[in-house]
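Keep in mind the model is a prediction, meaning the values are calculated, not measured.
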Amino acid sequence: MPLPKDYAGQKCSLARSLEILGERWTLLIVRDAFYGVRRFSDFAGHLRIPRSVLAARLDGLVASQILAKASGGDRGYAEYELTGQGRQLWPVIYGLICWGDENLAADGPPRLFEHARDGGRVKPDGLCTACGEHVQAPDFQAVPGPGLHPLGDADPVTAALSRPHRLLADIRRPSARGPEAATPAGRG
């Protein structure tokens with residue numbers, strides 16, 4: 001028997017948050033949205049998630065106002081973008097990434113996070129090691145880390161994330177990469 005999707009009787013903000021974000025795949029979809037993934041096909045290819053599950057999770061995130069669905073311009077693809085409410089989740093996502101890097105990444109983090117302006121590493125609390133500023137999601141740059149393994153037949157998202165990439169910048173647009181885009185992928 002499947003578990004219910006709510007936490008009946010729980011008068012707790014964490015329980016209400018988990019009702020939206022606690023299903024399998026949901027946080028990975030939100031993470032990928034921060035990485036700049038916008039198209040259904042890119043979420044599906046990168047996460048290797050069943051399409052019916054992805055459609056249900058995206059619909060739920062849109063209904064919960066975490067993501068907004070928009071037309072993809074001249075090609076007519078539907079695209080998804082984080083809303084203001086969705087962007088508020090970055091400290092949660094980043095905290096989980098940092099925790100996993102520290103406790104579960106035997107080969108080191110697959111991605112490191114820098115302050116795009118000065119290249120300083122961003123600590124788990126969001127502070128830049130170079131300037132001491134609290135870095136907001138759009139000012140983060142993901143760069144390959146020591147745990148990023150060689151790419152085989154990479155999907156477009158994995159290929160784009162093998163180079164420096166600013167958060168929230170469309171993964172399919174070359175201008176989304178920072179000035180260090182020409183740096184070899186082995187850096188970091």
Nearest heavy-atom neighbours spanning Ala33 and Leu168: O-CD2, 4.3 Å
So do the side chains of Ile49 and Phe43 get within less than 4.5 Å of each other, counting heavy atoms only? no
Can you tell me if Thr158 uses its side chain to pair, donor with acceptor, with the backbone of Asp155 under 3.5 Å? no
Any side-chain heavy atom of Glu19 sitting closer than 4.5 Å to one from Ser64? no
Check Trp90, Tyr94, Phe140 against Phe34 for a ring-ring contact (aromatic ring centres under 6.0 Å, His included) and give me the one that passes. Trp90
Apply the test side chain to side chain contact (heavy atoms under 4.5 Å, CB included) to residues Val143 and Arg121: give CA-CA distance (whole Å), side-chain angles for both, the deciding distance (0.1 Å), then the verdict. CA-CA 10 Å; Val143 299; Arg121 295 276 186 245; 3.9 Å; yes
Would you compute the distance between atom CG of Leu58 and atom CD1 of Ile66 and round it to the nearest 0.5 angstrom? 12.5 Å
Do the side chains of Pro124 and Ile97 get nearer than 4.5 Å, heavy atoms only? no
Interatomic distance, CD@Gln88 vs OG1@Thr83, rounded to 0.5 Å, equals 8.0 Å
Any donor-acceptor pair under 3.5 Å from Arg166 side chain to Gly36 backbone: no
Check the pair Arg111, Tyr35 against side chain to side chain contact (heavy atoms under 4.5 Å, CB included), reporting the backbone distance first and the verdict last. CA-CA 11 Å; Arg111 286 180 188 78; Tyr35 285 166; 3.8 Å; yes
State, to 0.1 Å, how close Pro144 and Leu161 come at their nearest heavy-atom pair, and which atoms those are. CG-O, 4.4 Å
Rounded to the nearest 0.5 Å, what's the gap from CG on Leu47 to CG on Asp42? Could you check? 10.0 Å
Given the rule that I, L, V, M, F, W and Y join up when any side-chain heavy atoms are under 4.5 Å apart, are Trp99 and Val92 in one cluster? no
Taking Thr26 for the side chain and Gly22 for the main chain, is one N or O donor matched with an acceptor at less than 3.5 Å? no
Straight-line distance of Asp59 CG to Lys69 NZ, nearest 0.5 Å: 6.5 Å
Given side chain to side chain contact (heavy atoms under 4.5 Å, CB included), test Arg38 with Ile171 step by step and report yes or no. CA-CA 8 Å; Arg38 294 186 177 168; Ile171 206 82; over 6 Å; no
Test side chain to side chain contact (heavy atoms under 4.5 Å, CB included) on Asp32 and Leu28 and set out the steps. CA-CA 6 Å; Asp32 276 10; Leu28 295 178; 5.8 Å; no
Using 0.5 Å steps for rounding, measure from the CZ atom of Arg57 to the CG atom of Leu67. 13.0 Å
How close do Ala160 and His165 get, heavy atom to heavy atom, and via which atoms? O-CB, 4.4 Å
Val122 and Leu127: same hydrophobic cluster, using ILVMFWY side-chain contacts below 4.5 Å? no
To the closest 0.5 Å, what do you measure between CG (Leu54) and CZ (Phe40)? 4.0 Å
Suppose we screen for side-chain contact (heavy atoms from CB on, under 4.5 Å). Which residues come up paired with Asp118, at least two apart in sequence or across chains? His115, Cys128, Ala130, Cys131
Testing the basics here: between Gly145 and Leu112, what is the closest heavy-atom pair and its distance to 0.1 Å? CA-CG, 3.9 Å
Check whether any side-chain heavy atom of Asp107 sits under 4.5 Å from a side-chain heavy atom of Leu148, and report yes or no. no
